[in-house]
Amino acid sequence: MSGKFLVFEGVEGCGKTSQIQRTQEWLESLNISAIVTREPGGTELGLHLRQLLLEAESTSITNKTELLLYAADRSQHVDQIIKPALAEGKVVLCDRYTDSTIAYQGWGRGISLEMIEQLNLLATGGLQSNLTILLDIDPEISFNRIVAKRQLDRMEQADLAFHHRVRQGFLSLAEKFPERIVAIDANQNIDKVTADIQQLLISRR
């Protein structure tokens, strides 16, 4: 599994952070070198962009500006972190990537999908994940998880209808690209989700 690019996607509160950490620990137990990174915020520049994107007042960033900031974060991230790690033969576990932009800014915000595809191509140089794990969950369930834990960030503060559109965007992508994107039922308990992910990765080695 060396040199593989694995992405974890899903709506807010789907459990990506926990499952990425568990996946890294599992891979390391198999003597497979894996790094964890995220978008936005995988680089020093990205940390500043993440603060702008997620902590700014909701009305202070236009939809188009939001899209361009995510693209800038991704361009830096791919060149500085992802490509070098893959070249070293490491497994890259990434919290969000291009499908998030299609789901959130395309399906959620209503920005042209063609424009997003062009920006994604420019930012990534055509680099796609070897496998994207979509942790699928009803947004109403996932939001109960978030609210119980912490204050909501800018993206999480969008109304529930927005997050239902985002989920539909992810499911549409999984249907369109079944070889690359595999949906896992994230409504299950955390251990069952972990087991499903590990079984998927074993089948794709």
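In what follows, residues are counted from 1 in the order of the sequence shown. Only a predicted model underlies this, so the values are computations on that prediction, with no experimental measurement involved. Heavy-atom basis, side chains included; hydrogens, waters and symmetry copies ignored.
- Applying side chain to side chain contact (heavy atoms under 4.5 Å, CB included) to Y70 and the options T65, L119, L53 leaves one that passes, L53.
- Pairing each heavy atom of V193 with each of A186, the nearest pair is CG2-CA, 4.0 Å.
- For the residue pair E39 / S100, no side-chain donor-acceptor distance below 3.5 Å is found, with atom types taken as modelled.
- Put simply, the side chain of Q188 gets close to the backbone of D185: a donor and an acceptor are under 3.5 Å apart.
- No donor-acceptor contact under 3.5 angstrom links the side chains of N189 and D191, judged on distance only.
- You'll find the side chain of Q76 stays beyond 4.5 Å of the side chain of I81, heavy atoms only.
- Note on I190: it does not cluster hydrophobically with L201, by side-chain heavy-atom contacts below 4.5 Å among ILVMFWY residues.
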**OP:** Check step by step if side chain to side chain contact (heavy atoms under 4.5 Å, CB included) holds for C94 and H77.
**Re:** CA-CA 10 Å; C94 190; H77 189 216; 3.7 Å; yes
Original post:
What's the verdict on side chain to side chain contact (heavy atoms under 4.5 Å, CB included) for L86 and V92, showing C-alpha distance, side-chain angles and the deciding distance?
Top reply: CA-CA 7 Å; L86 293 174; V92 177; 3.8 Å; yes
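- T101 and T98 share no donor-acceptor pair across their side chains, judged by distance under 3.5 Å alone.
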**OP:** With side chain to side chain contact (heavy atoms under 4.5 Å, CB included) as the test, would you mind laying out the steps for T37 and D95 before giving the verdict?
**Re:** CA-CA 6 Å; T37 189; D95 185 338; over 6 Å; no
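- Here the CG atom belonging to L93 is positioned 6.5 Å from the CD1 atom belonging to I20, to the nearest 0.5 angstrom.
- The shortest non-hydrogen separation linking T23 to Q19 is OG1-O, 2.7 Å.
- Rounding to the nearest 0.5 Å gives a distance of 12.5 Å between CD of E179 and OG1 of T132.
- If you look at F8 and Y97, their ring centroids are not closer than 6.0 Å.
- Residues E140 and H164 share a closest heavy-atom pair of OE2-NE2, 3.7 Å.
- Connection of L121 to M115 is not established within any shared hydrophobic cluster, with ILVMFWY side chains joined at heavy-atom distances below 4.5 Å, either directly or through further cluster members.
- Of all non-hydrogen atoms in V78 and L127, the two that sit nearest each other are CG1-CD2, 4.1 Å.
- Under the 3.5 Å distance criterion, the side-chain polar atoms of Q105 are left unmatched by any main-chain donor or acceptor of L67.
- Between the OG1 atom of T43 and the CZ atom of R38 there is a distance of 10.5 Å, given to the nearest 0.5 Å.
- I102 and V7 fall into different hydrophobic clusters, defined by Ile, Leu, Val, Met, Phe, Trp and Tyr side-chain heavy atoms under 4.5 Å apart, directly or through other members.
- In this structure, the separation between SG on C14 and CD1 on I133 is 11.0 Å, given to the nearest 0.5 Å.
- Shown here for G41 and L47, the closest heavy-atom pair between the two residues is O-CD2, 3.5 Å.
- Hydrophobic clustering of Ile, Leu, Val, Met, Phe, Trp and Tyr side chains at less than 4.5 Å, counting indirect connections, unites V36 with L135.
- Each of R109, R165, E66, R96 was evaluated against Y104; a single residue qualifies, R96, per the side-chain hydrogen bond (donor to acceptor under 3.5 Å, both in side chains) test.
- Between atom OG of residue S29 and atom CG of residue L27 there is a gap of 7.5 Å, rounded to the nearest 0.5 Å.
- Using a 4.0 Å cut-off between a side-chain N of Lys or Arg and a carboxylate O of Asp or Glu, K176 and D99 do not qualify as a salt bridge.
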**OP:** Step by step, work out the side chain to side chain contact (heavy atoms under 4.5 Å, CB included) result for L6 and V91.
**Re:** CA-CA 7 Å; L6 308 179; V91 174; 3.9 Å; yes
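- A donor-acceptor distance shorter than 3.5 angstrom exists from the side chain of S203 to the backbone of L200, with no hydrogens or angles considered.
- Follow the hydrophobic side-chain contacts under 4.5 Å out from F5 and you never reach L134; the two are in separate clusters.
- Between R74 and D79, none of the side-chain N atoms (NZ, or NE/NH1/NH2) sits under 4.0 Å from a carboxylate O, so this pair counts as no salt bridge.
- Side-chain atoms of S172 never come within 3.5 Å of backbone atoms of G169 as a donor-acceptor pair (strictly under, hydrogens ignored).
- Using a 4.0 Å cut-off between charged nitrogen and carboxylate oxygen, R167 and D136 count as a salt-bridge pair.
- With rounding to the nearest 0.5 Å, the separation of CZ in F170 from CD1 in I181 is 9.0 Å.
- Taking each heavy atom of I35 and A85 in turn, the nearest pair found is CD1-CB, 3.6 Å.
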